[in-house]
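Take a look at the structure set out below.
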Amino acid sequence: MKKVVLALSGGVDSAIAAHLLQQQGYQIYGLNLLTWGEDNQRKQVQEIADDLNFLVEFMDIRQAFREQVVQPFIHAYQDGLTPSPCVFCNRQIKWSTILQKADQIGADYVATGHYARLKIAQDGKIQLWKAVDLAKDQSYMLTFLTQDMLKRTVLPLGEFNKPEIRKIASNLGLAVSERPDSQDLCFLACTDYRDFLKEHAEQPALPGPIYHKDGRLLGQHQGLAFYTIGQRKGLPSSTEALYVIEKRKADNSLIVGFLNQLGSNFFLVEQVNWISGQYPLQPIKVEVKIRYKANPAEAMVEPQADGLLKVTADKLLRDITPGQIAAFYQGEQLLGGGVIVEGIANRTAGAFLQPLDTPE
RNA sequence: UGGGGCAUGGUGCAAUGGCAGCACACCGGACUUUGAAUCCGUUGGUCUUGGUUCGACUCCAAGUGCCCCGG
């Protein structure tokens, strides 16, 4: 019998993932990871395992999570970046932990409740594809997974729509079917990340000036970490809405401006991961997503020296944010991605007076 | 210590005698396994005192405060 280690959060998605895996003939070893805070999910997780009749182990990985996800998250903010903790966590914590457990118990496979699909290419390589349910697609969060990880991974939810999953849950009579979606590993669950930083950062936030792009001093900010590129909330009132254009670390100043002063076509990406494991040698045409819920934008990706990539979008991109993940797609397939290093300004006045992020 | 102008929500502006509106901000909600954006909704105001009028943000007088020009 095929054995699989399934990461269980206590939510409906991973519960139904368990059910679907069982239908496919897998024997499930459930693994619940305690990453942060208190063990509140334990009862729910145990209940699901009992209902579906498989074993579940509860593992406390709080220390590793703190060191490998939370501390880098805090440091990134202190460094003027806007980090993407989930993308790193999936690779460095979630997958590495469940694979380790799989090795330990002699399971060939691991599984999670992510909405994304895996396909096997002609050459035997594993491809990562968007979920059928594009509204729930989470492939972006898996940008940093490797062939070694994906070879042993099963994603049972990728072919389903979310409403179907809920329906299956309610048909099975699972209590979890009525609960709201869980936040899974998210240590920020229900917390404003600013409050989190205030509580957990070693160094207090450093207030500084807010300048308009044209040079006027508009007010004070409470610390650059509390803002991100493209942010509108929390800025001084003005004749029209203001957005964060730049976090200038050199003088601890926040540069803001109007909608038509925001955006660029170019940016650089580092720490690049290609799902196939193979770097392209030539420029390639992709659709790039610069945030989890961004609309894909047509772009060219050009390899640079030092493993950097230069991304050139056909249209102006709003909110190119250092620290966020740029994910490269071709159609439904996720090719890979990396961390945005910096945007290279070349805005065109008025470009965003039209509707934003025009879907194609 | 001369002359002129202004005073409307937290901010910037509309309403010129007839139910005080708009933008931005704030607050709440939706959306979301990062952070944002976006969408929906709510709150909140005529500097003070007196006068004219059926009725005053609007007209008149005084007070108070701010700005400009003379200096």
No-H, no-angle donor-acceptor pair, A:Ser237 side chain to B:G10 base, under 3.5 Å: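 Donor-acceptor pair under 3.5 Å: yes.
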
List in chain and number order the residues that pass side-chain hydrogen bond (donor to acceptor under 3.5 Å, both in side chains) with [X], two or more places apart in sequence or in another chain; answer none if no residue qualifies.
X	answer
A:Asp133	none
A:Thr97	none
A:Gln127	A:Trp129

Got a list of side-chain donor-acceptor pairs under 3.5 Å for residues 19-33 of chain A, not counting sequence neighbours?
unit_1, atom_1, unit_2, atom_2, d
A:Gln22, NE2, A:Leu52, O, 2.8
A:Tyr29, OH, A:Glu57, OE1, 2.3
A:Asn32, ND2, A:Leu8, O, 2.7

Remaining members of the apolar cluster that contains A:Met1, side-chain heavy atoms under 4.5 Å: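 Traced through the cluster, A:Met1 reaches no other member.
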
Under 4.5 Å side-chain linkage, directly or through intermediates, the cluster mates of A:Ile255: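 Its cluster mates, by chain and number, are A:Tyr211, A:Leu217.
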
Whole-Å gap separating [atom2] ([N]) and [atom1] ([X]):
X	N	atom1	atom2	result
A:Ile229	B:A36	CD1	C1'	10 Å
A:Asp13	B:U32	CG	P	12 Å
A:Gln231	B:U32	CD	P	20 Å
A:Gln220	B:A25	CD	P	19 Å

Output yes when at least one side-chain N/O atom of [X] is less than 4.0 Å from OP1 or OP2 of [N], else no.
X	N	answer
A:Arg291	B:U34	no
A:Tyr292	B:C31	no
A:Arg194	B:G35	no

Under 4.0 Å between any heavy atoms, over every strand shown, what does [X] touch: base, sugar-phosphate, or nothing? Just pick one.
X	result
A:Gly323	nothing
A:Tyr227	nothing
A:Thr228	sugar-phosphate
A:Leu235	sugar-phosphate

If you look only at distance, which donor and acceptor atoms sit under 3.5 Å apart when one is on a side chain in residues 195-205 of chain A and the other is two or more places apart or in another chain?
none

Base-paired stems that RNA chain B participates in, counting runs of 3 or more Watson-Crick or G-U pairs under 3.5 Å: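 Stem segments, range with range: B:2-7 with B:64-69, B:10-13 with B:21-24, B:27-30 with B:38-41, B:47-51 with B:59-63.
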
Pairwise ring-ring contact (aromatic ring centres under 6.0 Å, His included) hits with a residue in residues 296-330 of chain A, at least two apart: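 Sorted result for residues 296-330 of chain A: A:Trp274-A:Phe328.
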
Got a list of protein N/O to nucleotides 6-9 of chain B N/O distances below 3.5 Å?
none

Donor-acceptor contacts, no H, no angles, side chain residues 71-85 of chain A, under 3.5 Å, sequence neighbours left out:
unit_1, atom_1, unit_2, atom_2, d
A:His75, ND1, A:Gln71, O, 3.2
A:Asp79, OD1, A:Lys249, NZ, 3.0
A:Thr82, OG1, A:Thr228, OG1, 2.5

5' priority, RNA chain B, between A:Met141 and A:Lys233 [closest heavy atom]: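 On the 5' side of the pair lies A:Met141.
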
Neighbours of RNA chain B within residues 145-154 of chain A, by heavy-atom distance under 4.0 Å: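 Within residues 145-154 of chain A, no residue comes under 4.0 Å of RNA chain B.
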
